[in-house]
Each structure stands twice: as structure tokens, then as C-alpha cells.
Amino acid sequence: PCKCILSGQWQNDLGSQVHIFDVEADGSFSGEYRTAVSATQAPIQPALLCGSQQLHGEGQQPTFGFTVNWKSFSDSTTVFVGQCFVDKSGEESLHTMWLLREEVNSGKDDWKATRTGCNVFTRIA
Ligand SMILES: O=C1N[C@H]2[C@H](CS[C@H]2CCCCC(=O)c2ccc3ccc4cccc5ccc2c3c45)N1
């Protein structure tokens, strides 16, 4: 669909896979995130995500955001924000930036608790 509705399966440059379920009429959605990488030794289970995308814009290249709560030996959360782009041949890609917040034991460690980066996702289904 040229309107960049996010529902479906996506893969990013790290090999992680995202399955976004149906997008509601208000733009909200939920899904699952299977990361191919992690910054902790503990195994990372597939995590639930929820977010929303813009639907009303005339533009066919909506912005969106979603939050992933990782389930591991302790807590961390990643938020993604980005935009869906459609190229000349109709291929969609999600250009995102993310913030990964690990749970730290003390406020004095707050300064080092957030990582950032970017990922591009392409549709795989
Ligand atoms: O596809 C993509 N994958 C990567 C980027 C952005 S999200 C990121 C994967 C994050 C997996 C969770 C994780 O590493 C993680 C999970 C639980 C943790 C619990 C406790 C921690 C304590 C210290 C440091 C951590 C670093 C990463 C952690 C966790 C901790 N894009």
C-alpha cells in the first residue's frame, strides 16, 4: 500500500524483526519486536511494542513512534521515532532513531543509562 500503513513484518539493518499488528482507526498499533542484538549478557525474549502513526496527513509518508519494553533479568525500554518513506518503485522503508534506557540502581548512574542510535527497516511481509 502506498500509504505506508505500518502493519506487517519489517526487518532492520541489524537483522531484528518487527511484527506490527493491525493499525487502528486512530493510528494506534501494537506488535512484537525480536531483536537480533542486545547490550546485555542475558537472553532477550521477543518483546511487546505499542505505538501510533499519523494517518490524517495528506502526505503518504507518515511519522510514527513506538515503545518496546524488554523482558530480561531486569528492565529496559527502547523508544523508536521515525517516518515511513516510499520510493519511486513503491518500496517502503522506516527511517528511525531510538533511545535505549537501561534500569540503573542509582541516580548517580542516570547520566550513563541511555544509549541512542538509528535503524532503517524494510518490509519483509
Ligand atoms: O534492533 C535493534 N536492537 C537494538 C537497537 C535499538 S533496541 C536494541 C536492542 C535492545 C535489546 C535489549 C537490551 O539490550 C537490554 C535488555 C535488558 C536489559 C536489562 C538490564 C540492563 C542493564 C544494563 C545494561 C543493559 C543493556 C541492554 C539491555 C539491558 C541492560 N535496534
Side-chain angles (χ1 to χ4, degrees):
C2 70
K3 189 170 170 35
C4 254
I5 303 293
L6 296 188
S7 42
Q9 311 248 8
W10 302 83
Q11 180 161 310
N12 72 17
D13 47 291
L14 294 171
S16 299
Q17 297 202 341
V18 172
H19 182 188
I20 294 183
F21 309 142
D22 292 342
V23 175
E24 307 298 327
D26 65 359
S28 63
F29 56 81
S30 61
E32 289 172 341
Y33 201 112
R34 285 171 172 72
T35 183
V37 297
S38 84
T40 178
Q41 306 307 325
I44 307 288
Q45 300 162 11
L48 295 177
L49 66 88
C50 63
S52 61
Q53 70 164 102
Q54 297 287 12
L55 285 177
H56 52 73
E58 295 67 48
Q60 311 293 323
Q61 302 187 114
T63 57
F64 61 88
F66 60 87
T67 300
V68 189
N69 277 333
W70 305 104
K71 298 298 171 208
S72 181
F73 61 97
S74 74
D75 295 339
S76 74
T77 300
T78 300
V79 292
F80 286 82
V81 65
Q83 185 170 354
C84 183
F85 292 109
V86 186
D87 70 15
K88 293 183 295 301
S89 55
E91 292 300 309
E92 299 158 302
S93 60
L94 308 180
H95 288 236
T96 71
M97 294 183 74
W98 51 262
L99 296 171
L100 165 60
R101 172 69 189 209
E102 70 187 62
E103 182 181 324
V104 291
N105 297 324
S106 147
K108 71 174 176 43
D109 295 334
D110 181 50
W111 67 274
K112 63 178 176 178
T114 307
R115 294 169 167 82
T116 187
C118 46
N119 283 136
V120 178
F121 295 79
T122 49
R123 196 182 275 279
I124 50 178

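Since the structure is predicted, the reported quantities are computational estimates derived from the model, not experimental observations. Side chains are part of it too, since the values below use all heavy atoms of this structure and drop only hydrogens, waters and symmetry mates.
Formation of a donor-acceptor pair under 3.5 Å by the Lys3 side chain with backbone atoms of Leu55 is found in this model. Side chain of Ser30 to backbone of Cys50: no donor-acceptor contact under 3.5 angstrom is found.
Between Phe80 and Tyr33, the ring-plane angle classifies as parallel under the 30° and 60° cut-offs. Ring geometry for Phe21 versus His19: interplanar angle over 60°, hence perpendicular rather than tilted (30 to 60°).
Phe121 and Val79 fall into different hydrophobic clusters, where Ile, Leu, Val, Met, Phe, Trp and Tyr side chains are chained together by heavy-atom contacts under 4.5 Å. Under the 4.5 Å side-chain contact rule for hydrophobic residues, Ile5 and Val18 share a cluster. Each of Val120 and Leu100 belongs to its own hydrophobic cluster when Ile, Leu, Val, Met, Phe, Trp and Tyr are linked at side-chain heavy-atom distances under 4.5 angstrom. One hydrophobic cluster, built from ILVMFWY side chains closer than 4.5 Å, holds both Ile44 and Leu49.
The CG atom of Asp75 sits 7.5 Å away from the CG atom of Asn69 when rounded to the nearest 0.5 Å. To the nearest 0.5 angstrom, Ser38 atom OG is 11.5 Å from Leu14 atom CG. Between Ser76 atom OG and Glu103 atom CD the span is 9.0 Å, to the nearest 0.5 Å. Rounding to the nearest 0.5 Å places CD of Gln17 at 9.0 Å from CG of Asn12. One distance of note links CZ of Phe64 with CD of Gln54; it measures 11.5 Å at 0.5 Å rounding. Atom OG1 of Thr96 is separated from atom CH2 of Trp10 by 11.5 Å, given to the nearest 0.5 angstrom.
Contact annotation: the side chain of Thr77 approaches that of Thr67 to within less than 4.5 Å [non-hydrogen atoms, C-beta and beyond]. When side chains are defined from C-beta on, Asn119 does not count as touching Gln11, because their heavy atoms never get closer than 4.5 Å.
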For this session: For the pair Arg101 and Thr78, evaluate side-chain contact (heavy atoms from CB on, under 4.5 Å) and give the outcome as yes or no after the intermediate values.
Result: CA-CA 6 Å; Arg101 172 69 189 209; Thr78 300; over 6 Å; no

Exercise. Do Glu102 and Arg115 pass the salt bridge (Lys or Arg N to Asp or Glu O under 4.0 Å) test, and can you show the C-alpha distance, the side-chain angles, and the key distance before you say yes or no?
Worked result: CA-CA 8 Å; Glu102 70 187 62; Arg115 294 169 167 82; 2.6 Å; yes

For this session: Kindly determine whether Trp98 and Val68 satisfy side-chain contact (heavy atoms from CB on, under 4.5 Å), including the steps that lead there.
Result: CA-CA 10 Å; Trp98 51 262; Val68 189; over 6 Å; no

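The pair Glu91-Arg123 fails the salt-bridge criterion, with no side-chain N (NZ, NE, NH1 or NH2) lying under 4.0 Å from an Asp/Glu carboxylate O.
The number of heavy atoms from other shown groups lying within 6.0 Å of CG (Asn105) does not exceed 12.
The nearest pair of heavy atoms linking Leu6 to Gln53 is N-OE1, 2.9 Å. Across every non-hydrogen atom of Val37 and Ser16, the tightest pair is N-OG, 4.4 Å. Counting all heavy atoms, side chain and backbone alike, Ala36 lies closest to Gly15 at CB-C, 3.6 Å.
Remark: Phe85 engages Gln61, Gln83, Ser93, His95 in a side-chain contact (heavy atoms from CB on, under 4.5 Å) (not counting sequence neighbours).
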